[in-house]
Amino acid sequence: MKNKMVVGRAAGRCSSGRARTPRPHRRRRTQVRRNAVVLVWLVAAAALAIGVIGGPLAAWGTWLPLHALLLGGIGSAITIWSAHFADTLLHRPALGGAGLLDVRLYVHSLGAIAVLVGITAGRPAVTLAGVTVVLACALLGVAAIGVQYRRALAPRMAPLVFHYLAALSLLGIGAVLGYLTSWADRRGAAALADTYYLAHTTTMLLGFVGITVLGTLTVLWPTMLRTRMEPTAARWATRGLPLLVAGVAITACAGLWRMAAGIGVVVYLIGAAAVVLPAAVTARRVPPTSFATMSAAASVGWLLACVGYIGTGIVLADDVAAAREVIHTVRVSLGAGFALQIVAAALSYLTPVMLGGGPAAARATNAILDRAAAWRVVTANGCLLIAVAQILPEAVRLAAAVVAAAVAGYVPVGIALAVRRVLRGEKHEGGNP
């Protein structure tokens, strides 16, 4: 037995006697490459937003940067992280493994690009092709996780993957509803377009993004706080999922009957409480102090506030056109306050895990990403609140938006600094005999 162990150790060394280490490095570089896709989308969305605000792209409005952020950036992030957490929860490799995940990630981005180009250039065929690609990627994700679940040995946390199955299904439905919205707009059917628009936005934001985030936080939140999960958290989250899905479906019908928004939002918030309440108990026991945990808590606050605003606003709206304006009023809050902030929180937490390198390297990476954490979270959220307050002068709101964006910009900068530090360490290590 001892001889076999010696042979095994020797097999792990190359002919020159140096230990082989490419596998961890290759895995790290793969994760950096995948998350770089998310960062590229976020930078593209920021650049488009500057172009819209600054004037050159003003005619395109906020639709383009918001969809670059939500469909491109958030969609890519959920593609990666839903697969990662499904692997963690099921203790079983996914169908197709890393190769299929890469295909889904890159093809989804191509589909998102086609949607953005098709809508802005007025090319319905390109838009339809992009929607078809996004739908196909979503269904492929449902199939991969579904097969993975059936092959798993029924671990205790396995039912939480149904959040990802529901969210990816809603992504496909939301993409089709988005195409129908543009189709109705082109034909001048304003009331029909507004009805589809309400269904599209609620399905994508509350369904695809909201359900993914709430399901993931059940596991990720106590992990971020470095403490144990509440004993009832997984069971409550599983029981709350049908309420979340039902809430999305009912709210999506608000274009046909505006009271549906009030009913759907109440159902949705009850389902969300199944995740939020155990998380609040955990936070009371171990208060959030890092940038990742404080940002995650703030993002969920934005989600709950925006959902309540949507339900109240649509119920009180005079007609379906006014209900669409309610969504217009709150979409920046949902896009930046909720969706973008939860991605920033997840990236800040997962980057040290992704880069690895041992406890010392993780502490160094966390130190980079947590610089002035409390100040950054408070400033960004306070300025965003000012930026979306319709009662304030436009100049004040614009200045606040610029400050919020500048503060939030440290996240990709910090990640780049952390990656550069680790890659330099690898190069230095590889140069040693």
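Reckoned from all heavy atoms, side chains included, excluding hydrogens, waters and symmetry mates.
Expressed to the nearest 0.5 Å, how far CG of L170 lies from CG of L205 amounts to 11.5 Å. To the nearest 0.5 angstrom, L48 atom CG is 10.5 Å from L66 atom CG. A distance of 6.5 Å separates CG of L206 from CG of L303, quoted to the nearest 0.5 Å. Remark: T379 OG1 to L384 CG distance equals 12.0 Å, nearest 0.5 Å. A distance of 4.5 Å separates CG of L171 from CZ of F208, quoted to the nearest 0.5 Å. For the atom pair CD1 of I310 and OG1 of T329, the computed distance is 10.0 Å after rounding to the nearest 0.5 Å.
For residues 369-389, there are no salt bridge (charged side-chain N to carboxylate O under 4.0 Å, His left out) pairs, not counting sequence neighbours. Sorted by first and then second residue, the salt bridge (charged side-chain N to carboxylate O under 4.0 Å, His left out) pairs with a member in residues 66-87 form an empty list; sequence neighbours excluded. For the side chain to side chain donor-acceptor pair (under 3.5 Å) condition, the pairs that include at least one residue of residues 215-224, sequence neighbours left out, are Y164-T216.
For an aromatic pair to be called close, the ring centres must be under 6.0 Å apart, and Y149 with F162 satisfies this.
Summarising the local packing, CD of E394 is surrounded by 12 or fewer heavy atoms from other residues, nucleotides or ligands at distances under 6.0 Å. Within 6.0 Å of CZ on R123 lie no more than 12 heavy atoms contributed by other residues, nucleotides or ligands.
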N/O donor-acceptor pairs under 3.5 Å from side chains in residues 332-343, not counting sequence neighbours:
{"residue": "Q341", "atom": "OE1", "partner": "N381", "partner atom": "ND2", "Å": "2.8"}
{"residue": "Q341", "atom": "NE2", "partner": "G337", "partner atom": "O", "Å": "2.8"}
{"residue": "Q341", "atom": "NE2", "partner": "N381", "partner atom": "OD1", "Å": "3.0"}

Donor-acceptor contacts, no H, no angles, side chain residues 273-285, under 3.5 Å, sequence neighbours left out:
{"residue": "T282", "atom": "OG1", "partner": "E230", "partner atom": "OE2", "Å": "3.1"}
{"residue": "T282", "atom": "OG1", "partner": "P278", "partner atom": "O", "Å": "3.0"}
{"residue": "R285", "atom": "NH1", "partner": "T227", "partner atom": "OG1", "Å": "2.6"}
{"residue": "R285", "atom": "NH2", "partner": "R228", "partner atom": "O", "Å": "3.2"}
{"residue": "R285", "atom": "NH2", "partner": "E230", "partner atom": "OE2", "Å": "2.5"}

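The two atoms that bring I314 and A323 nearest to each other are CG2-CB, 4.0 Å, heavy atoms only. The two residues S82 and R104 come nearest to each other via the heavy atoms OG-NH2, 4.3 Å. Closest of all the heavy-atom pairs between A112 and V134 is N-CG2, 4.0 Å. Summarising the geometry of P288 relative to M294, their closest heavy-atom pair is O-CG, 3.8 Å, with the distance given to 0.1 Å. Looking at every heavy atom in both residues, A252 comes nearest to T202 through CA-OG1, 3.4 Å. Of all heavy-atom pairs between L168 and I145, the closest is CD1-CD1, 4.0 Å.
With hydrogens and angles ignored, the 3.5 Å screen pairs no side-chain donor or acceptor of S295 with any backbone N or O of A292. At distances below 3.5 Å, not a single donor-acceptor pair connects side-chain atoms of T312 with backbone N or O atoms of Y309. No donor-acceptor pair under 3.5 Å is formed between the side chain of H108 and the backbone N or O of L105. Remark: side-chain polar atoms of R397 are paired, donor with acceptor, to backbone N or O of A387 under 3.5 angstrom.
Checked by atom type, the side-chain pair T293/S290 shows a donor-acceptor distance below 3.5 Å.
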After noting the C-alpha distance and the side-chain angles of H328 and Y197, does the key distance pass the ring pair (Phe, Tyr, Trp, His ring centres under 6.0 Å) rule?
CA-CA 10 Å; H328 278 191; Y197 179 82; 5.4 Å; yes
L385 and W302: CA distance, side-chain angles, deciding distance, side-chain contact (heavy atoms from CB on, under 4.5 Å) verdict: CA-CA 10 Å; L385 188 59; W302 279 100; 4.0 Å; yes
For L350 and W81, run side-chain contact (heavy atoms from CB on, under 4.5 Å): C-alpha distance rounded to whole Å, both residues' side-chain angles, the deciding distance at 0.1 Å, then the answer.
CA-CA 10 Å; L350 293 174; W81 297 337; 3.8 Å; yes
message = Does D102 form a side-chain contact (heavy atoms from CB on, under 4.5 Å) with R34? I'd like the steps, not just the answer.
response = CA-CA 8 Å; D102 285 339; R34 287 174 183 160; 2.7 Å; yes
Practice task
Show your reasoning for whether side-chain contact (heavy atoms from CB on, under 4.5 Å) applies to R226 and V286.
Solution key: CA-CA 9 Å; R226 294 177 174 82; V286 183; over 6 Å; no
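Side-chain contact between I368 and Y410: present, with at least one pair of heavy atoms (C-beta onward) separated by less than 4.5 Å. Annotation: side chain of L369 is not in contact with side chain of F291 (no heavy-atom distance under 4.5 Å). Here the side chains of W41 and S109 are in contact, with some heavy-atom distance below 4.5 Å. Under the 4.5 Å side-chain criterion, counting only non-hydrogen atoms from C-beta, D185 is in contact with T181. Within the 4.5 Å cutoff, the side chain of L39 has heavy atoms near those of the L347 side chain.
Classified by interplanar angle (parallel below 30°, tilted 30° to 60°, perpendicular above 60°), the ring pair H67/W63 is parallel.
For R324, the side-chain hydrogen bond (donor to acceptor under 3.5 Å, both in side chains) partners two or more places apart in sequence, or in a different chain, are D194.
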